[in-house]
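Accompanying notes for the structure given below.
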Protein chains: 2
Amino acid sequence: MQTIAPELAELAALIADPGRASILSRLMDGRAQTASELARVACVTPQTASWHLSRLVERALLRVERRGPRRFYRLATPLVAQMLEGMMTVAAIDPHPARPPPRIDPEMRRARTCYDHLAGELGVAVTDAMREHGHLHLDPEAGELTASGRAFLRDLGIDLRAPARSRRLLCRPCLDWSERRPHLAGRAGAAVADLALQQDWIRRRPQGRSVEITETGLVAFRDLFDARI
Amino acid sequence: MQTIAPELAELAALIADPGRASILSRLMDGRAQTASELARVACVTPQTASWHLSRLVERALLRVERRGPRRFYRLATPLVAQMLEGMMTVAAIDPHPARPPPRIDPEMRRARTCYDHLAGELGVAVTDAMREHGHLHLDPEAGELTASGRAFLRDLGIDLRAPARSRRLLCRPCLDWSERRPHLAGRAGAAVADLALQQDWIRRRPQGRSVEITETGLVAFRDLFDARI
DNA sequence: GTAACGCTTCGATCATGATCGAAATGTTCA
DNA sequence: TGAACATTTCGATCATGATCGAAGCGTTAC
């Protein structure tokens, strides 16, 4: 029986190294990072990181781009991010509920970006608030933005029209591995995250993919979204 | 920065062994299999398979159930199946498009079950036919069954009412790794597969998770669904 | 040109974990 | 109780691949 299993194992082996897993996790915010930064994240020497990175590029999980003497690495396609999302969801399930759950960095748990949308407590709080106001229906498997939701986002200055040739879904759920609850993703989720960055409600931290909620942001999320954050 | 990365690597390592990948792939149809059958699938001795299986159960990817002297293993939750779907989708992407694509077992490619719904050429053909008849809208990220689609399935004798307490989505896409196109999943997809098995349109092969399309089935899929199969 | 810097390649070492034979365990049935 | 069978445990062996020091390559800036 010839199956996809060998390719599956090969792919998994690529993610099975803690250094490479850290690198992939770091790149989940969709931005590009230098080889040095990724070496630091993976806690290995530059030469070891280089070896890992070349394997990831060779297998087309990452794309590399040269800018001067630096090389910037990023996830090759959103499909890779979606795969990692799924794996993290399962990875976050504690096989031994008796033992204390894996410690998660509080900043990560509080607020972060997940490829292009908000995640962590912030992402879930915004999603919950929108649901309670009837802006949104969200299931673990799918989501729907209501007429009221469209109006709400439009009033915030968000343009939800899809770019030409985009087949991206307007509204989809993404299972949060730290909160273990679905939050808003898709074009709508990305638009909200864009707005928040643009309005300085959140700021990307220089390292890691957690974000800082500003004072203005706290007020905005509470007043505009009615989020319990 | 404390993250989920170590757990991600640990999880991936579990899937990174060809034997375990074969076992997981075999269990993707959602049914339970004995340790012996899984040893055969993984091409290892029973004692090696036993070692692999105990690791998978320990990490809560599989559940085990004893019936007499046999032990039946199955995926612990649909979440695991969904994760594997995502990984297979990426695994099926050829990193070197110049080289010949990975050979896939023709029976697998033709028709198989994917957890609880149809996949392979058959799954995609049925989905395409339903789309062309306006029964279905399906995006890579989400799907919707139209009024005409509901009527169509009802006429086939399918009851789409959700069981109490079920939060499963009626209609969702599942990306097919052999066809690289989305096909119908969710409650509607499962209902179609159930109907097909019940009407003897398809038969599970004794080994593997590919299914055989019967003569009756070929006629039914063509006449009732208008599928090009 | 040359120095500085980022990154990669090479080579040797070392640790992890997959494997199977042999033997033990556990279940059913008579 | 004993025989048959499925599965697991134990123990020893072996292969893969992660690691980093040293050296090399390529780009930029002066």
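Values below: every heavy atom of this structure, side chains too, minus hydrogens, waters and symmetry copies. Sequence lines set the chain letters: A, B, ... in the order given, protein chains first and strands last, and positions in each chain run from 1.
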Whole-Å distance between dA6(D) C1' and F72(B) CZ? 11 Å
Sequence neighbours excluded, the answer for side-chain contact (heavy atoms from CB on, under 4.5 Å) partners of L218(A) is R110(A), I213(A), R222(A), I229(A)
To the nearest angstrom, the CZ-P distance between R40(A) and dG6(C) comes to 14 Å
In whole angstroms, the gap separating C1' of dA6(D) from CG of L53(B) amounts to 13 Å
Roughly, in whole Å, what's the span from CD in Q33(A) to P in dG6(C)? 16 Å
For residues 40-60 of chain B, pull every pair meeting ring pair (Phe, Tyr, Trp, His ring centres under 6.0 Å), keeping only residues two or more places apart or in separate chains. none
Once salt bridge (charged side-chain N to carboxylate O under 4.0 Å, His left out) is applied, what residue pairs with a partner in residues 9-23 of chain B remain, sequence neighbours excluded? none
Have a look at S54(A) and say if it touches a base, only the backbone sugar-phosphate, or nothing, with a 4.0 Å heavy-atom cut-off. nothing
Looking at dA6(D), dT8(C), dC20(C), which one has an atom nearest to any side-chain atom of R70(B)? dA6(D)
Inter- and intrachain pairs under side chain to side chain donor-acceptor pair (under 3.5 Å), touching residues 193-205 of chain B, at least two apart: E107(B)-R205(B), T113(B)-R204(B), D200(B)-R203(B), R205(B)-S210(B)
My understanding is that only residues two or more places apart in sequence, or in another chain, count here; which of them pass side-chain contact (heavy atoms from CB on, under 4.5 Å) with A76(B)? R63(B)
Separation of dC5(C) P from Q47(A) CD (nearest whole Å): 17 Å
Set of side-chain contact (heavy atoms from CB on, under 4.5 Å) partners for R67(B), sequence neighbours left out: E65(B), F72(B)
Dump the pairs, protein N or O against N or O of nucleotides 12-19 of chain D, anything under 3.5 Å, distances to one decimal.
residue : atom : partner : partner atom : Å
dA18(D) : OP1  : R20(A)  : NH2          : 3.4
dA18(D) : OP2  : R20(A)  : NH1          : 3.3
dA18(D) : OP2  : R55(A)  : NH1          : 3.1
dT19(D) : OP2  : H52(A)  : NE2          : 2.5

With A119(A) via side-chain contact (heavy atoms from CB on, under 4.5 Å) - residues at least two apart: R112(A), C114(A), D176(A), H183(A)
Name the pairs: protein N/O against N/O of nucleotides 25-30 of chain D, kept only if under 3.5 Å.
none

Does the distance from a Lys or Arg side-chain N to an Asp or Glu carboxylate O, for E37(B) and R71(B), drop under 4.0 Å? no
For G123(A), is there any backbone N or O sitting under 3.5 Å from a side-chain donor or acceptor partner on T127(A)? yes
Check every strand shown and say whether Y73(B) touches a base, only sugar-phosphate, or nothing at a heavy-atom separation below 4.0 Å. sugar-phosphate
